[in-house]
Amino acid sequence: MKKRNIVLIGPMGTGKSRAARILADGLGWQLADTDRIMEKETGMKMAEYWRVAGAEEFQKKELEIIRRVRFYHEAVIAVGGNYPMTEQKFNLLQQYGLVVLMYAHSFRLAERVKKKIGKRPTMDYNDVEGFVRRMRRKWMKWSGRADLVINTTSCHPAQSALTIARFIDRHHIKFLKRMKKRRNGHGHFGR
């Protein structure tokens, strides 16, 4: 089956959102950042929604968003790294998406997430280093199932986007095109 989307997964601080934006712009595709979608739909910043709704509702909302965006066509989907990937989420995303796992060494993740204190809802800011080490280990178990794995420790998001584009080109990966609506002779939109 041909894929519809490119899906970026991995722990927080790997540059998924920025790489997804660069890649989407370069391909002329839509961007679907699950964190931004959640903020728009809840009317709250992620950390605030997590505090108000709780961890279980936060994860339910994320799963609901994933269930929807996986059906997009020609989208680059950046999946939030607040919670480790689950079998259910991975299977949903892989069904129509080329899955790219982005990771970085723990010291770099800690350095990056410390820059945005309070933004990351599940982060233990009293033990950032320990938290990112544990989170990184949980995400790395998906490295054998992802279509592509990128180490972003010393990599700018633009380099990550270029690596993904080159992988797609080198492996001749084809994606289903989004159907364009057009008017037929009866004033209705055709297929």
Side-chain angles (χ1 to χ4, degrees), residues 3 5-27 29-39 45-47 50 55 58-59 62-63 65-66 69-70 72 75-94 97-125 127-168:
K3 298 294 185 177
N5 307 302
I6 299 167
V7 181
L8 308 186
I9 65 170
M12 57 183 81
T14 54
K16 295 183 304 291
S17 292
R18 290 180 62 203
R21 179 169 300 286
I22 293 164
L23 189 58
D25 287 348
L27 293 171
W29 286 14
Q30 61 188 322
L31 172 66
D33 186 316
T34 62
D35 288 348
R36 301 298 76 78
I37 293 169
M38 184 180 294
E39 289 180 342
K45 293 290 185 191
M46 285 187 344
W50 187 76
F58 185 98
Q59 289 182 79
E62 183 182 59
L63 182 59
I65 293 166
I66 286 170
V69 300
R70 74 188 174 112
Y72 288 10
V76 180
I77 302 168
V79 178
N82 291 289
Y83 286 97
M85 183 59 59
T86 65
E87 188 71 31
Q88 181 182 24
K89 288 191 289 189
F90 188 87
N91 289 335
L92 289 170
L93 292 164
Q94 190 179 46
L98 176 80
V99 179
V100 179
L101 173 66
M102 298 173 69
Y103 76 97
H105 293 296
S106 297
F107 76 89
R108 184 70 75 218
L109 293 176
E111 180 183 278
R112 291 173 183 166
V113 299
K114 283 180 184 177
K115 292 179 182 177
K116 297 185 178 179
I117 300 283
K119 179 185 177 221
R120 311 211 184 249
T122 60
M123 173 60 65
D124 177 359
Y125 287 102
D127 182 19
V128 173
E129 287 80 8
F131 182 88
V132 297
R133 272 195 310 276
R134 289 187 300 276
M135 187 66 83
R136 182 181 179 278
R137 273 195 305 271
K138 290 176 182 177
W139 276 100
M140 288 308 293
K141 77 176 200 173
W142 299 100
S143 63
R145 292 181 54 195
D147 297 297
L148 174 64
V149 179
I150 300 175
N151 181 347
T152 69
T153 303
S154 302
C155 186
H156 186 276
Q159 291 170 291
S160 297
L162 184 59
T163 299
I164 296 165
R166 285 179 175 159
F167 176 84
I168 290 166

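Worth knowing before you read on, the calculation uses all heavy atoms, side chains too, and leaves out hydrogens, waters and symmetry mates.
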Would you say the side-chain atoms of [X] pair up with the backbone N or O of [Y], donor to acceptor, closer than 3.5 Å?
X: Glu39; Y: Met46; answer: yes
X: Thr14; Y: Ala104; answer: no
X: Arg134; Y: Gly130; answer: yes
X: Asn5; Y: Ala75; answer: yes

Find the distance between [atom1] ([X]) and [atom2] ([Y]) and round it off to the nearest 0.5 Å.
X: Ile168; Y: Ile6; atom1: CD1; atom2: CD1; value: 3.5 Å
X: Ile65; Y: Arg36; atom1: CD1; atom2: CZ; value: 10.5 Å
X: Thr34; Y: Lys89; atom1: OG1; atom2: NZ; value: 8.5 Å

statement: residues 7-18 vs salt bridge (charged side-chain N to carboxylate O under 4.0 Å, His left out), sequence neighbours excluded, gives none

statement: Residue pairs passing the salt bridge (charged side-chain N to carboxylate O under 4.0 Å, His left out) test with at least one member in residues 137-158, sequence neighbours excluded, are Glu87-Arg145

Answer whether the closest heavy-atom distance between the side chains of [X] and [Y] falls below 4.5 Å.
X: Val100; Y: Phe167; value: no
X: Trp142; Y: Val99; value: no
X: Val76; Y: Ile164; value: no
X: Asn151; Y: Tyr103; value: yes
X: Leu93; Y: Ile66; value: yes
X: Met12; Y: Phe131; value: yes

Quick one: closest heavy-atom pair of [X] and [Y], and the distance?
X: Glu129; Y: Ala110; answer: CG-CB, 4.2 Å
X: Leu101; Y: Met140; answer: CD2-SD, 4.3 Å
X: Asp33; Y: Ser17; answer: OD2-OG, 2.6 Å
X: Ala161; Y: Ala19; answer: CB-O, 3.8 Å
X: Val149; Y: Ser143; answer: CG2-O, 3.5 Å
X: Ala24; Y: Gln30; answer: CB-O, 3.9 Å

query: Under 6.0 Å from the CZ atom of Arg21, do we count more than 12 heavy atoms belonging to anything else shown?
result: no

query: With sequence neighbours excluded, what pairs up with Arg136 under the side chain to side chain donor-acceptor pair (under 3.5 Å) test?
result: none

task: On the 0 to 90° scale, with breaks at 30° and 60°, tag the Phe107-His105 ring pair as parallel, tilted or perpendicular.
output: parallel

task: Quick one: list whatever passes ring pair (Phe, Tyr, Trp, His ring centres under 6.0 Å) with Trp139, sequence neighbours left out.
output: none

field: Set of residues satisfying side chain to side chain contact (heavy atoms under 4.5 Å, CB included) with respect to Ala32, sequence neighbours excluded
entry: Ile37, Val69, Tyr72, Ile77

task: For Arg70, enumerate each residue passing the salt bridge (charged side-chain N to carboxylate O under 4.0 Å, His left out) test, keeping only those at least two apart in sequence or located in another chain.
output: none

